[in-house]
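Reading through the structure tokens given below for one structure.
Predicted model only: the values in this text are computed from it and were never measured.
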Amino acid sequence: MSEKFDVIVIGAGPAGYVAAIRAAQLGLKTACVDAFVGKDGKQALGGTCLNVGCIPSKALLDSSKQYYNIAHNLPVHGITVEGAKVDLGTFIGRKDKIVKQFTGGIGQLFKANKVTAFFGKGKLLKGNDVEITGNDGSKQTISATNVILASGSVPIELPFAKFDNKFIVDNAGALDFTEVPKRLGVIGAGVIGLELGSVWKRLGSDVTVLEALPDFLSVADADIAKIAAKEFAKMGLNIKLGAKLTKAEIKGNEVALTYEDKDGAHELTVDKLLVAVGRRAYTDGLLAADTGVKLDERGRIVVDEHNHTGVNGVWAIGDAVRGPMLAHKGSEEGVAVAEWIAGKAGHINLDTVPWVIYTEPEIAWAGKTEKQLKDEGVPYKVGTFPFAAIGRAVAMNEAIGQVKMLAHAETDRILGVHMVGPGVSELIAECVVAMEFKGSSEDLARIVHAHPTLSEAVHEAALSVDKRAIHKGN
Ligand code: FAD
Ligand code: AMP
């Protein structure tokens, strides 16, 4: 007889491991199956996010920022440092140590919460059995009343620029270069392309980003994207819009690229190429043919608003289903599903999921963009406030960007907040709370914000919605 659980989670990324911990907290006998192999050849829990995504990219962004600041920020403070050098072994080693600390931490959390971890590839069979195939090919079957599919996503590969992970790399490869590429090509000016392009630019690479779409960062609010594009250009990121990669050939130690824009075909040679053209839901080998779980036209697992697949006891969460491919979105779905399984009132609101891009300056938003409101015919008011008028930002020598708040013209309810500037990855949280509580710009305008802090930009933007910002003309 196979071992029986209340809940089996397939995938231990931020969606799956959080679901497993919450299910166990609620007294459910829980297992989590994951196949990710770490750099040391052992099981590494935490999925894309902890191993080759959120955490390692932020570690390298922070290290590279420290280095960049020596030449580009410290002199303004009257501090000069001569002979600064990057030791890439230490630089990458620090990142690896952080990854290990966090992936290991999940193992400890599993133990503390009595989640049983299985190492191997999980396949859902009809009737909610899960077959686990170990790396050595051994097989075992476990069963459960509920199975949560949390298999995540993988990078999209372009057929004419296949990853060899030496010259043409995905996110994992670009987190592990053994030397700073002299010339780095990045395909796709999305979140991953911009963040990892920034890391290597700050260390001295000549970075060219090719983006097929004519508009920069079209998922963000247009005003915010415009400010960000200007700052990235100042930093030396060469972003070519309307430029579609059509060919990439490894020739010796270089990659020869062909891209097309409105003026025709162009050639570009780089030392390394990062292809960051998006990610696709990963369901390879996840489902036996007769489970009844459906995939949509983009290969994502079909779920309803409660993340239920329509098959009795089978749920799906995270990057493998609809909605933004963000760690915190998957985690909250994981908590909600565990609570629904336990008969509690789970909750997830995809309308207030915050987006953050950890570039310099940072970009963050939640809710609707101005274009979306226009397209939907929603009447709105706009309030903006520049960081140039925020004392703390000036004191930090980071007085770049602005906060833009969109509120309903009649009800004043906050519909979207968009920011580019210092610390906005943290500032967005206040706006998400206000939006989740169905708050108005007046609510934020009446709340005392500490002085001098960056959060005053949010306060002033809220005041500006009603044309009564104090520290700028209205
Ligand atoms: P994943 O993290 O992809 O985890 C899925 C896990 O399931 C993996 O371990 C996989 O091996 C395992 N698996 C799959 N199929 C099976 C199977 N059949 N059997 C067993 N195991 C299986 N998001 C943010 O919110 N903030 C960020 O700053 C951020 N930065 C990022 C930077 C980079 C470079 C990248 C690539 C992504 C970043 N993301 C970020 C996105 C984030 O990593 C994903 O949204 C998140 O990891 C999705 O979580 P998940 O649990 O759904 O899937
Ligand atoms: P994201 O999905 O946010 O990671 O962004 C990926 C980006 O890659 C999108 O903006 C796409 O327009 C862009 N993209 C996709 N294919 C190509 C290509 N062949 N050349 C240049 N950019 C591309």
Salt bridge (Lys or Arg N to Asp or Glu O under 4.0 Å) contacts touching residues 98-113 (sequence neighbours left out): D40-K100
Check: S64 and F91 side chains under 4.5 Å, non-hydrogen atoms: yes
N312 atom CG: more than 12 heavy-atom contacts under 6.0 Å: no
For K404, side-chain hydrogen bond (donor to acceptor under 3.5 Å, both in side chains) partners two or more places apart: D221, D223, E370
Side chains of L415 and L373 in contact at under 4.5 Å (non-hydrogen atoms): yes
H308 side-chain N/O to G310 backbone N/O, donor-acceptor pair under 3.5 Å: yes
Geometric cation-pi criterion K272 and F167, 6.0 Å radius, 45° cone: yes
Side-chain donor or acceptor of S218 paired with backbone N/O of D215 under 3.5 Å: no
Aromatic ring pairing H266/Y259, orientation class (parallel under 30°, perpendicular over 60°, tilted between): parallel
Minimal non-hydrogen separation, C431 against V458, with atom names: SG-CG1, 3.8 Å
Polar side chain donor-acceptor pair, N349 to E436, under 3.5 angstrom: yes
Pair R322 + E333: basic N to acidic O under 4.0 Å: yes
Residue of the set N307, N146, V335 for which side chain to side chain contact (heavy atoms under 4.5 Å, CB included) holds with W340: N307
Smallest separation among heavy atoms of P324 and W355, with atom names: CB-CZ2, 3.4 Å
Considering all heavy atoms, the nearest E231-P361 contact: CB-CD, 3.6 Å
CD/E179: more than 12 non-hydrogen atoms of other groups inside 6.0 Å: no
Side chain to side chain contact (heavy atoms under 4.5 Å, CB included) partner of V420, chosen from I357, I227, I400, T359: I227
K126 bridged to D290 by N-O distance under 4.0 Å: no
pair V277-L158: side-chain heavy atoms closer than 4.5 Å: yes
Pair L124-V314, side chain to side chain contact (heavy atoms under 4.5 Å, CB included): steps then yes or no: CA-CA 9 Å; L124 176 71; V314 182; 3.9 Å; yes
Separation of M435 CE from D351 CG (nearest 0.5 Å): 8.0 Å
Between CG on residue L28 and CD1 on residue I8, distance to nearest 0.5 Å: 12.5 Å
Donor-acceptor contact present, side-chain H328 to main-chain P354, <3.5 Å: yes
Steps toward side-chain hydrogen bond (donor to acceptor under 3.5 Å, both in side chains) verdict (T133, K139): CA-CA 5 Å; T133 307; K139 287 194 192 296; 3.1 Å; yes
Validation row: E3, F118 side chains within 4.5 angstrom (heavy atoms): yes
Closest approach of S331 to V18 (non-hydrogen atoms, all atoms of both residues): O-CG1, 3.5 Å
K247 vs L257 side-chain heavy atoms within contact, under 4.5 Å: no
K97 atom NZ: more than 12 heavy-atom contacts under 6.0 Å: no
Side-chain ion pair, K58 and E195, N-O less than 4.0 Å: yes
F119 side, atom CZ; K42 side, atom NZ - distance, nearest 0.5 Å: 10.5 Å
Under 3.5 Å donor-acceptor, D164 side chain and I168 backbone: yes
Donor-acceptor under 3.5 Å (R280 side chain, R300 main chain): no
Q140 atom CD, over 12 foreign heavy atoms within 6.0 Å: yes
Any side-chain donor near an acceptor of the partner, S425 and E362, under 3.5 Å: yes
Polar side-chain atom of K121 near backbone of I132 as donor-acceptor pair, under 3.5 Å: no
Value rounded to 0.5 Å, distance of OG1 in T309 from CG in D304: 8.5 Å
Where L237 and S198 come nearest, the two heavy atoms and their spacing: CD1-OG, 4.1 Å
Atom pair OG1/CD1 of T352 and I414 - distance to nearest 0.5 Å: 12.0 Å
Trace of the salt bridge (charged side-chain N to carboxylate O under 4.0 Å, His left out) decision for R183 with D271: CA-CA 5 Å; R183 298 159 300 177; D271 301 297; 2.8 Å; yes
K240 side chain near T208 side chain, heavy-atom distance below 4.5 Å: yes
Check: V7 and T145 side chains under 4.5 Å, non-hydrogen atoms: no
Pair M419-I363, side chain to side chain contact (heavy atoms under 4.5 Å, CB included): steps then yes or no: CA-CA 6 Å; M419 313 176 175; I363 302 166; over 6 Å; no
Ring-face cation of K29 near F5 (centre distance under 6.0 Å, axis angle within 45°): yes
Donor-acceptor under 3.5 Å (E339 side chain, A336 main chain): no
Electrostatic pair K251-E254, nearest N-O below 4.0 angstrom: no
Side chain to side chain contact (heavy atoms under 4.5 Å, CB included) between Y17 and L45, worked out: CA-CA 8 Å; Y17 86 74; L45 300 169; over 6 Å; no
Worked check of side chain to side chain contact (heavy atoms under 4.5 Å, CB included) between V169 and D176: CA-CA 10 Å; V169 302; D176 267 340; over 6 Å; no
Under-4.0 Å salt bridge between D206 and K201: no
Expected output: side-chain W365 to main-chain I428 donor-acceptor under 3.5 Å: no
Main-chain N/O of F216 paired with E211 side-chain donor or acceptor, under 3.5 Å: no
CZ (F437) with more than 12 external heavy atoms under 6.0 Å: no
Minimum heavy-atom distance between L50 and P56, given as atom pair plus value: O-CD, 3.4 Å
Side-chain touch K123/L286, heavy atoms, less than 4.5 angstrom: no
Spacing of CD1 belonging to I10 relative to CG belonging to L287, to within rounding of 0.5 Å: 8.0 Å
Any donor-acceptor N/O pair, S205 side chain to V207 backbone, under 3.5 Å: no
